[in-house]
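A short write-up of the structure that comes next.
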Amino acid sequence: MRRSAAPSQLQGNPFKKLKFIPPGRSIPSPDEENTKMSPDVKLFEVVASKNTFLQLQNNPRICSLNLPTEGNAREVNHGHNYSGKHCSKASVMATLDPPHTVHSAPKEITVSKGQEEEEPDSLVKYFSVVWCKASKKKHKKWEGDAVLIVKGKSFTLKDLEGKDIGRGIAYKFKELEKIEEGHRVMIGGKEVEVMGIISPDDFNSGRCFQLGGGDPAISSSSQVAKKCFSNPFKSVCKTSSKENRLNGFQDCKPRHDPNAPNSLVMSRPDSNHQWTFNKNCFPIVDVVIDPHLVYHLRPHQKEGIIFLYECVMGMRVNGRCGAILADEMGLGKTLQCISLIWTLQCQGPYGGKPVIKKTLIVTPGSLVNNWRKEFQKWLGSERIKIFPVDQDHKVEEFTKSPFYSVLIISYEMLLRSLDQIKNVKFDLLICDEGHRLKNSAIKTTTALISLSCEKRIILTGTPVQNDLQEFFALIDFVNPGILGSLSSYRKIYEEPIIISRQPSASEEKKELGEKRAAELTCLTGLFLLRRTQEVINKYLPPKIENVVFCRPGALQIELYRKLLNSQAVRFCLQGLLGNSPHLICIGALKKLCNHPCLLFNSIKEKEYSSTWDGNEEKSLYEGLVDVFPADYNPLMFTEEESGKLQVLMKLLAVIHELRPTEKVVLVSNYTQTLNILQEVCKRHGYTYTRLDGQTPISQRQQIVDGFNSKYSSDFIFLLSSKAGGVGLNLIGGSHLILYDIDWNPATDIQAMSRVWRDGQKHPVHIYRLLTTGTIEEKIYQRQISKQDLSGAVVDLTKTSEHIQFSVEELKNLFTLHESSHCVTHDLLDCECTGDKDGTGDSLEKFPISRNCQLGPHHQKSNSLKPLSMSQLKQWKHFSGDHLNLADPFLEKIRENVSFFFQNITNQSTAI
Ligand SMILES: Nc1ncnc2c1ncn2[C@@H]1O[C@H](COP(=O)(O)OP(=O)(O)OP(=O)(O)O)[C@@H](O)[C@H]1O
Ligand SMILES: [Mg+2]
């Protein structure tokens, strides 16, 4: 039997948050305070017992909020990268006695604003204080809590949002040195009373501020949070009469046998949860996942379901019902959610009553039908009634019918039908590819926030921790207010973390940033789960990845030189032009690498365009037409004109010849390039299908299904990765060719993981084509070298417009290396001469950690992350002239290739 142990025996957090206590008022006992709080607030209140307090203190895995115990987390925790396990030390303000109520007389300390130098060697002390403006009134009206930092004779007063509200130097700094609990002092025009001492650890982790206090719901900044916390069961488990209750008691049996072998049983609610949510005292019933589903589930998926269940039931963080499932691409997030929905819709821990009735799934348009198919695949069509919205099935139909329980809708359609959707009471909201909600100001986010559904799940395969502000938006979406207000979050977490990552940061700042990052990781790790590709590697066939450096054609080289000599590029390097001219130059070079005819078309287009306003573009294209043959016709382009196209055609030919039953996914980020690729497919009689931004959403799944079907005659799937690739399953193809490179490694990774995923039967071959010595190599180098540095932001929405280039970088970008076989290899500092074939250490031996902004704890991903220079060094390296290429596909294209990198994952049965 598989049962996840009961949630926290610790019963919440014994954290003693500093409470603002007006002078003269006696301190209420914890119990007294508890009873006076509103039910909402009580959800976050904790039972402080001395024993649990000590346990927490000694347990480095437990962090500020109410945590599951070791036992409870065990099921979930043994996932490889389960983020929750990196909790920092217990955030207990251990040293705090109840604040004194006997006050010593205030002592005046004179402050001089000008003198702000600090005493570097002196000890730093931290105090929790209350403050008010200096006055002679006997009965003070304290204005708020604050944190006082005393370092030698200088002090800083910060409010609980982390903002400085006073700063200065005391002449009588001896007073500051002697400061202790109960003291009242005048500093910086404010009267301050010391309520307690804060340990350096609590300050460094940020726990002493509002957010770390473990009780965010009672902060003033979390109005949203307060508002939406209601009983998560209210909607479905109506308060029942005695009669109902008795009836209920009779059929209180688990839906499936919890004692059957391999059964997957959810955690039982702890007494705290029962107290809050089981007002009718229903008996506790085991919630057991349908064995039909369990049979198919991978171990990480079982853990994921337990995690999601505990999150949405409010068992992981008291009263918070949100979760982020950020498993890497292809790990089956869809199945985990389907299992959750099916379970909650039929079962519940209290009297077996279902927890949810209606679920809303919002997803990119191209995936609406994929969700339908997945429901069908795992649950058949009888168990659950789903309603995917498309042009023939309007939202009204769903709202009018009690028949359907799951609405699947695209983000775009959601905005259009918001009013109708608001009329439905949804109990669970799932946002697929939910990283798009990273900006709380955008319409989609505000629309979704306006739905009063508190069980919210974000699904995303993209790492979300790299941009701390976006991270905040996602967290705040699923668990509103849990990190306080944006401004306090910035002060307490973002600023110290970012400062600590700067190379010039002092040791002190580094330490502070690391601790804050660890605390943030710990807080969010309770409801954010990310596992990496490794967990399913063993179910997947081998993957052979190749980076192929293609020699440019003669016309390409000539045009390239001319472009680099243009006035526009020269001005650009001198910083003489405004308006991001470098982007125009980069765009032209990239087009040229794909095929010279694309550049030709752009020149002609500009020539005939009446809105020719860009001087830069004019000077860039000047004289270029003369390089083309006089009768050049772009429609009659040839393969020889482009190095990459030549390689591509040979590659397609050899795949067709050696693996006649296998299929190819051919990816470009540009529609115009896809047109060219489509044209060559036609010329060679290759059958193809195509999906790009223009493909109507209603047709997308059909196209994908057609290609994946074993009866399909299509040899090639032409895919515009950016426009429609996210989340697609293209397991019908076992060869994937990336024809061009994007600045953002995430775009390429997204594309690559379309074929190497569950269900793939053949070894997967991936080819990334780059034109030797050109800007494509530079972009590739940028992708990988950035990883070595800092774990640059990996996000699909980041484009070259977001990239700032220094003049040095631009110089490098605008250089053509004509004599090198592979500039990237030259940079690797590798001693091989392009013959490192056999024994190259496999990548798997070199665990890599990509630092994200949350620091090294947060996630260690080894496979679906952008490669780094040091890893690339471990790949096999072959020059095009290498004699014995064991790979028959590479062998056929070597003539046009100057260099290869190759890496094989799951090698045993490769090729
Ligand atoms: N346990 C399983 N056994 C067999 N196939 C599975 C299993 N779990 C998932 N799959 C299949 O794996 C494929 C990928 O799953 P899914 O689309 O849910 O991935 P994902 O995590 O959402 O990835 P992405 O981030 O790319 O959207 C699907 O075809 C799905 O049916
Ligand atoms: Mg998905």
- prompt: What's the shortest heavy-atom distance between K491 and P496, and which atoms?
  reply: O-CD, 3.2 Å
- prompt: Does the T445 side chain pair with the main chain of N439, one donor and one acceptor, at a distance under 3.5 Å?
  reply: yes
- prompt: Which atom names give the shortest non-hydrogen contact between A323 and C311, and what distance separates them?
  reply: CB-CB, 3.6 Å
- prompt: Does K190 have any salt bridge (charged side-chain N to carboxylate O under 4.0 Å, His left out) partners at least two apart in sequence or in another chain, and if so, which?
  reply: none
- prompt: Any idea which heavy atoms bring S488 and L483 closest together, and the distance?
  reply: OG-O, 4.4 Å
statement: Residues at least two apart in sequence or cross-chain that pass ring pair (Phe, Tyr, Trp, His ring centres under 6.0 Å) with F477, listed by chain then number, are none
field: Euclidean distance, D202 CG relative to I197 CD1, rounded to 0.5 Å
entry: 12.0 Å
statement: Between the OG atom in S199 and the CG atom in N204, the distance rounded to the nearest 0.5 Å is 8.5 Å
query: What closest approach, in Å, do C453 and R456 show between heavy atoms, and which atom pair accounts for it?
result: O-NE, 2.8 Å
query: Are the charged groups of E511 and K515 less than 4.0 angstrom apart, N to O?
result: yes
field: Gap separating the CG atom of D159 from the CD1 atom of I165, nearest 0.5 angstrom
entry: 5.5 Å
query: Taking the six-membered ring for Trp, are F203 and Y126 parallel (under 30°), tilted (30 to 60°) or perpendicular (over 60°)?
result: parallel
query: Does D164 use its side chain to pair, donor to acceptor, with the backbone of G166 at less than 3.5 Å?
result: no
